[in-house]
Amino acid sequence: MAGGQAFGALLRELRIARSLTIEGLAEASGVSVRGVGDLERGRRAAPQRRTVAALADGLGLGEAERERLLASARSGRSPAYRPAGVRAFPRGVDDFVGRSRELERFGGLAERAAARAASRSPGDGGAAHPVVVAVSGAPGTGKTTLALHAGRRLADRFPHGQLVLDLRGTDENPPAPAELLLVVLKSFGVPDRDLTKAGPEGHPALYRQLLAERRSLLVLDNARDEAQVRPLLPGAGAGMVVVTSRRMLTGLESVHRMPLGELSTEEATTFLASLVGAERATADPAALADVARRCGHLPLALRVAGNWLATRTGWTVRRLADRLALEERRLDVLSAGDVRVVAAFDLSYRQLTSAAARMFRRLSLVPGPDVSAACAARLTGQDLFDAEDTLEELVEAGLLGTDRDRYRLHDLLCLYARGLLTAEEGAEGAERARARMYRWLLETAVVAGRWYEPDHGAPPAAWQGTVDLSSADRARQWLQAEGGNWLAALRAAAAAGEHATVVEVAESLHWFSDQWIFWGHWHEIFGTAARSARALGDPLPEATQLNYDAWALLLCEGRPRDSLARSAQALAAAKRAGDLEQQAWAHHYTAWAHRLLDEPAPGVRHNERAARLFEAAGDLHGLLQCMHTRALLLAGQDRNEEAIAAYRSTLTWLDGTGAAIEPHVAGLTRLGVHGGIGTCHSRLRQWDEAVFHLRTALELCRAGGNTALESRHLVHLADALLAAGHTDEAREALARCVRLGPDADPQCVAEARGRLDRLGSR
C-alpha cells in the first residue's frame with residue numbers, strides 16, 4: 001500500500017532522527033504505542049488529521065516537516081489503492097522500453113485467467129484456479145517496473161480491482177503473511193466488523209473467499225521468500241497474481257516463471273534515448289551505445305545514467321561514457337540523488353550466508369565470461385558438491401546467472417564484488433585465490449589437451465581431477481568452455497616469468513588446436529610459448545613453438561606472408577638445435593605458405609626438402625603431410641588429374657602404414673584428401689565423383705568433431721550440387737553450414753549465408 005507505507009516510512013524516519021523510541025513518541029504525542037506501531041508498519045493506511053497533528057507535536061516538527069507529514073497522510077487517504085474498480089498503478093512506468101516477449105506472455109496468461117472466469121458456472125463457486133506469475137531477476141533488472149507496466153496494460157481484464165502490495169522482502173524484518181493478509185482485506189473493503197468477528201485465525205479463510213469471488217489482479221512486489229508468499233496465493237478464483245522477487249522462489253509450485261536479465265543492445269539504447277532526449281541521443285549514437293554497454297544493459301543503471309544526463313544539460317553523452325569507462329569508478333558514477341546502483345546490490349549481498357558471500361566476492365576474479373562449479377570450487381577451497389550448493393544459493397538470490405552448467409556474474413555485479421573482495425579480504429587474499437584457480441586451470445588444460453597427443457590420451461591413473469576428462473570429446477568440451485579462463489591463466493604465467501609452464505601448456509595443446517581452428521587465439525598462444533622458450537635458452541622448443549605459430553598464421557589467421565617469416569625463424573632455431581624434424585616442419589610450412597601465395601615453384605622446392613628431412617628423421621607423420629602437400633600443389637596449378645593420382649597415392653600409403661600413424665593425424669589427412677579429390681573432380685565437371693568424395697570428407701569431419709573443416713567442405717559440396725542441378729540439396733548443405741555455430745570458419749559461414757539469400761530470391 002503505497003500511501004500507508006509512505007506515511008509509515010516517513011514517520012519512522014522522523015522518529016529515529018529525533019532519537020525517540022515508539023514508546024517515547026507515544027508518550028510525547030498521546031497516541032498509543034500500538035497506534036504508532038501500526039502506523040509505521042502500514043497497518044493503518046490513513047491516519048486522521050488530529051492524529052497526525054498530535055504526532056507532529058510529539059516530534060516537535062517545524063512548519064515544513066509538519067506539512068510534509070500531513071501531505072503524506074492525505075496521500076494515504078487518496079483512492080489510489082481502494083478496492084473494486086481501481087485501475088491506477090504507481091507512477092514510474094511511463095518510460096517503459098522493451099520486454100516485448102514478457103509482455104506478450106503476460107497478455108496470454110491474462111487471457112487464460114479470463115477464459116477460466118468465462119468457463120465457470122454461476123453455482124460452482126471457486127472451482128477455477130488463479131494464474132500465478134513469478135518474476136525473478138538480479139537487482140536492477142526492472143522486475144517491479146515490468147509488473148506494474150503489465151498491470152496497467154491488463155487492468156481492463158480484471159474488473160474487480162488491481163492491488164499492488166510491497167512485501168519489503170529486502171528489509172531486515174519484512175511484514176509477516178498475517179499482516180499482509182489484513183492489508184489486502186482492508187484494501188478490498190472488507191468491513192472491520194467482519195474482520196473482528198473472524199479474528200486473526202479466520203482472516204486466511206476470508207482472504208481466500210474474497211479472491212475466489214473476484215477477477216482481480218494482485219501484484220506481490222519484492223517478496224523475500226516462499227514462506228512469505230505462499231499464504232498469499234489464493235487456491236481458487238479467476239484472478240491473476242504477479243509475484244516479483246530477487247530470489248527465484250524455487251519452492252513455489254504451479255506458477256509461471258518469468259526470469260529477467262538485462263535488456264538487449266537495441267532496447268538499452270532506446271531506453272537511454274527516451275531519458276536524455278532524441279537530440280542528444282542522435283548527436284553521438286556511438287557514445288550512447290558506450291554508456292549502455294558500460295551500464296551492462298541493466299535497467300536500473302541505465303535509468304541512473306539517463307537521469308544524470310537529463311539533469312545535466314551541459315554534459316555531452318560522450319563525457320558520461322568516458323567517466324563510465326573507468327572500471328574502478330563506474331559504480332560511484334552510477335548514482336543520481338538517492339538512487340544508487342550499489343545500494344540495490346547491497347540489499348541482496350547482506351542476506352547471503354558467509355560461504356555464499358565469500359564465493360560471490362571471489363567470482364570477480366574469474367577472467368572469462370563464465371565459470372564452472374569445479375573452477376569456482378578452486379576459488380573458495382570447497383569440495384565440488386559444497387561449491388555447487390553455494391553457487392545455487394547465489395543463483396536463488398538473483399546474484400548469479402546460469403547457462404546450462406555454467407555460472408555468470410553480470411558485469412556491474414562483478415565490479416561490485418571486486419570492490420568487496422579488496423575491502424574484506426585484501427589484495428593478498430585475493431591473489432592467493434586467483435593463483436590457486438589459475439594453477440588448476442593450467443594443470444587441467446595440460447591433461448585435457450594431451451588427449452589428442454600421440455602416446456598420451458586418457459589422463460594418467462594418478463591424476464585426481466574434479467572434472468570429467470574420460471574421453472577426448474569431454475576434454476574438448478572442457479577446453480572450449482573454459483577457454484577464456486585458462487587463456488588468462490596462461491597470460492598471467494607468461495607475465496610472471498613462468499616460462500616452463502607456458503611452454504608445457506602450449507605443447508600439450510598443439511594437437512588439440514586442429515579441433516578448434518578458428519577460436520582466434522592460437523597465434524597468441526604459440527607466439528607467447530616461442531618467446532618463453534627463447535627466455536629459457538632452449539632452441540628446440542623455440543623452433544617447435546615457432547613452427548606451431550607458422551601453422552596458426554597460415555590456417556587460423558590466413559596470413560601466409562607473415563607465416564613465411566615465422567617459419568624462417570623456426571628453421572634458424574631448429575638448425576641451432578641440430579634437429580632435423582623441426583627443420584623439416586619449417587620447410588613444410590614454408591611450402592604451404594608459397595602454395596597459398598600462388599608461388600608453386602618455391603613451394604615444390606621446400607616440400608621436397610621437407611620430405612627428405614622427414615625421411616632422414618624417420619618421421620612418418622611428416623612424410624604423410626608432404627605427400628598431401630604435393631597433391632595440393634598440383635591442384636593449385638590446375639593439374640587436376642595428376643593431383644587426384646597424388647591424393648590416391650597418399651591414401652594408399654596411409655592404408656599401408658596401419659597403426660604407425662596416429663589416429664588423429666590419419667583422420668585429418670583422410671578428410672583433407674577426400675575433400676581435395678572432390679574439389680578436383682568438381683573442376684573436371686565430374687559431379688557424381690565430386691559429391692561422393694565431398695560427402696565422405698564431411699562424414700570424417702563429423703566423426704572427428706572438426707566443425708571448422710566441416711564448414712569449408714559444406715560450401716564445396718554446395719558448389720558441386722548446384723553445378724549438378726541439385727538445388728534443394730545444395731540449399732540444405734548451405735543451411736547446415738550456417739547452423740554450425742561459432743567454431744565454423746566465419747568466412748565460409750558468411751559465404752553460405754550470402755548464397756542462401758541469392759538462392760531464395762530466385
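The analysis underlying the following values was restricted to heavy atoms, covering all of them including side chains, and did not include hydrogens, waters or symmetry mates.
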Side-chain atoms of residues 321-328: list all donor-acceptor pairs with protein atoms under 3.5 Å, sequence neighbours left out, distances to 0.1 Å.
{"residue": "E327", "atom": "OE1", "partner": "R418", "partner atom": "NH1", "Å": "3.2"}

**Prompt:** Got a sec, which residues hit side chain to side chain contact (heavy atoms under 4.5 Å, CB included) with D346, two or more places apart in sequence or on another chain?
**Reply:**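 Partners of D346 under the side chain to side chain contact (heavy atoms under 4.5 Å, CB included) test: V342, R350, Y416.
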**Request:** State which residues pass side chain to side chain contact (heavy atoms under 4.5 Å, CB included) with V467; sequence neighbours excluded, sorted by chain then number.
**Result:**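 Counting only residues at least two positions away or on another chain, V467 forms a side chain to side chain contact (heavy atoms under 4.5 Å, CB included) with A374, W440, T444, W463, L469, W478.
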Hey, is the main chain of [Y] close enough, under 3.5 Å, to the side chain of [X] for a donor-acceptor pair?
X: E262; Y: G296; value: no
X: R224; Y: D171; value: yes
X: R362; Y: L379; value: yes
X: S136; Y: M248; value: no
X: R257; Y: T250; value: yes

**Pairs where residues 266-279 contributes a residue and the test side chain to side chain donor-acceptor pair (under 3.5 Å) is met, not counting sequence neighbours** =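 Output for this query lists S264-E267.
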**side-chain contact (heavy atoms from CB on, under 4.5 Å) between V366 and C375, intermediate numbers included** = CA-CA 9 Å; V366 175; C375 186; 5.6 Å; no
**Pairwise ring-ring contact (aromatic ring centres under 6.0 Å, His included) hits with a residue in residues 309-340, at least two apart** =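 Only W308-W315 qualify under ring-ring contact (aromatic ring centres under 6.0 Å, His included).
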**Asked** With no hydrogens and no angle check, do the side chains of E392 and Y407 hold a donor and an acceptor under 3.5 Å apart?
**Response**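 Checked: E392/Y407 side chains pair up, N/O donor to acceptor below 3.5 Å.
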**Prompt:** Under 3.5 Å, is there a donor-acceptor pair between the R358 and T380 side chains?
**Reply:**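 On atom types as modelled, these side chains do not qualify, holding no pair under 3.5 Å.
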**Salt bridge present between R318 and D290 (N-O < 4.0 angstrom)** =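 Yes, R318 and D290 are salt-bridged.
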**Prompt:** Ion pair present between R434 and E431, side-chain N to carboxylate O less than 4.0 angstrom?
**Reply:**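 Between E431 and R434 there is a salt bridge, with a charged N closer than 4.0 Å to a carboxylate O.
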**Asked** Can you list every pair that meets salt bridge (Lys or Arg N to Asp or Glu O under 4.0 Å) and has a residue in residues 476-498, with sequence neighbours left out?
**Response**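 Residue pairs with at least one partner in residues 476-498: R406-E482, D473-R476, R491-E524.
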